[in-house]
J.: 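To start, I am sharing the structure in question, which I have written as C-alpha cells.
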Protein chains: 2
Amino acid sequence: MAPTSEPLTAERILEATEEVLRRHGPAKATVVDVARALGVSHGSVYRHFRTKAALREAVTKRWLDRTSEELSGIAADEDRVPEARLRDWLEALFRAKRRKAGDDPELFATYMVLAGENGTAVAEHIGDLIAQLARIVRAGVDTGAFAAADPDRTARAVFQAGGRFHDPCHARAWEKPGVEDDFAAVVDLMLRGLAAR
Amino acid sequence: MAPTSEPLTAERILEATEEVLRRHGPAKATVVDVARALGVSHGSVYRHFRTKAALREAVTKRWLDRTSEELSGIAADEDRVPEARLRDWLEALFRAKRRKAGDDPELFATYMVLAGENGTAVAEHIGDLIAQLARIVRAGVDTGAFAAADPDRTARAVFQAGGRFHDPCHARAWEKPGVEDDFAAVVDLMLRGLAAR
DNA sequence: GGAATGACAGATTTCAACATCTGTCAGCTG
DNA sequence: CAGCTGACAGATGTTGAAATCTGTCATTCC
C-alpha cells in the first residue's frame, strides 16, 4: 500500500506473498496483489522471482522448512534414550500438523494446494524428516535398544507407517474422537517392532 | 437404447449406472444418461432410487463389497499360520488396490469421487476390513504367535499403519520405483511388533 | 548504471445468459 | 392398478464475451 523506503528484497516479497495467500487463498492470490501489497509494480516482483510458480515454490519451501526445524531439536538431542526421542518426535510431528490444520483450516488448505504444485520441495522435506528419524534409529541401534539391519530403510518404514498422523490428506481424521488412541496404538506397534529382543 | 422386455430392477439400474460412470465420469454421469442407456424414462429410475445420491451410494457399496469379498477368503483360512495369513492379506489388499488404480486410472478416480461422497459406506467398508484383520490377529494370539493385549485395537493399528499401501489418496505413489520395498519394510516392522517374544 | 515502471500480447479467469439436470406428480398404458 | 411416462419448477452446469492476469521489455528515474 504505502510505498516503503526499505529496499525490495526477496525476503519482503515472500512475507507479502504469505499474507496475500492468507487473505485471498491459493486460487485468487495474484502477483499483482503481492506487488500492490508492497506498493510496487508487478514488474519489480519479476525481478526477484522468474515466474509466479517460482515465487510460490519459495513460499512452500519456507513453510516446510519451519516444520523441519521445529523437529530437528528432538532428533538431535543425543542425551535422551532413543525410545523416548522417537516417541516425542512422532508426537511432536503429529501435534504440529494437527494444530496447523485445526487452528486455521483455510490456510492449511492453501498450503496443501501449494504442496501439491511443488512435488520436489515436498519430496526434499520428506527426505529431511526421514533423515532425522534415521538419526534416532541409528542412535538406538548403537545403544542396543533397537534392532534394525538397515536404519535408513527402517526410518522410511516408521515414517510411512505413521503417515495417517502427519500426511495432510488425512487431516480431516485428526479431529475425530479416538485419533489419540489410534496414534498411540500405531506408535506402540512400531516401537515393539523396533525393540531389540 | 432398444427397449428390453426384461423388468426394470434395481440390479439392472446399478449395472447401467456403472457403465455410464465408466463412460462419462462422475461429473457428467446423469440420471437421464442412465435412463437412456436402459431405454426408459428417468422417472422410472426414481421409482427404484429416491435420489441420485442414493443411486451413487448403492453403486459405491457394491464396489467396496467386491473388494471386501476378495480378501475375506484369506482372513478366514484358519488352516494357515497367522503370520503368513497377515502377510498375504496385506499384500492382497495392496495388489488389488494397485491393480485397480493402475489398470484404469480414470475409473479409479471416478470411484474415489464416489467414495468421497459416501463417507458412511466407506467407514463401513473400513470397519469390515479391520474386522477381518482382527480375526487374523486373534488367531495369532490364540496360537501364541502374536502378543496383543487388545486385538481389535492392534488390528486398527495394523490397518492404519499400512494406509500408504491401500488408501486411495496415496495411489500416485504406488507406481513409483521402490514402493515394493517400502511395503515390505512396513510389513516387516509390523510383524516384528506383533510377534510374541 | 542498476533498479523500478507501465504498456503490451497472449493466457487465464470471471460472469451472466442459456441449456441441461434433478426430483415430482398427474395422467397414460397394457 | 402397477408401472411407466413426460411436462414442469427450481437447482446446477455450460459457454463465450469481457475482464484480469502473467511475463516481457523499452523506457524512466535516481
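Reminder, nothing fancy here: chain letters follow the sequence lines and each chain counts from 1. The basis for the numbers below is simple: all heavy atoms, side chains too, and nothing from hydrogens, waters or symmetry mates.
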J.: When the distance from CG of L38(A) to P of dA3(C) is rounded to whole Å, what number comes out?
T.: 17 Å
J.: Measure from NE2 on H24(B) to C1' on dC21(C) and round the result to the nearest Å.
T.: 13 Å
J.: Heavy atoms under 4.0 Å is the rule here; annotate nucleotides 22-27 of chain C 5' to 3' with B where the base is hit, S where only the sugar-phosphate is, and - elsewhere.
T.: BBB---
J.: Sequence neighbours left out, what passes side chain to side chain donor-acceptor pair (under 3.5 Å) with E11(B)? Give chain and number order.
T.: R62(B)
J.: Under a 4.0 Å N-O cut-off, is there an ion pair linking E91(A) with R95(A)?
T.: yes
J.: Among all residues two or more places apart in sequence or in another chain, which pass the side chain to side chain donor-acceptor pair (under 3.5 Å) test with S72(A)?
T.: none
J.: Is S41(A) near enough to dG6(C) that one of its side-chain N or O atoms lies under 4.0 angstrom from OP1 or OP2?
T.: no
J.: For V40(A) and A27(A), take the nucleotide of DNA chain C holding the closest heavy atom to each; which residue's nucleotide lies nearer the 5' end?
T.: V40(A)
J.: Could you grab the distance from atom CG of L64(A) to atom NE2 of H125(A), nearest 0.5 Å is fine?
T.: 5.0 Å
J.: What's the CZ-P distance between R36(A) and dT5(C), to the nearest Å?
T.: 14 Å
J.: Nearest whole angstrom, please: distance from the C1' of dA3(C) to the CD1 of I13(A).
T.: 12 Å
J.: Return the value, rounded to whole Å, for the distance between atom CZ of F49(A) and atom P of dT24(D).
T.: 15 Å
J.: Decide, yes or no, whether a salt bridge links R80(A) with D88(A) under the criterion of side-chain N to carboxylate O below 4.0 Å.
T.: yes
J.: Using 4.0 Å as the upper bound for N to carboxylate O, is an ion pair formed by R66(B) and E70(B)?
T.: no
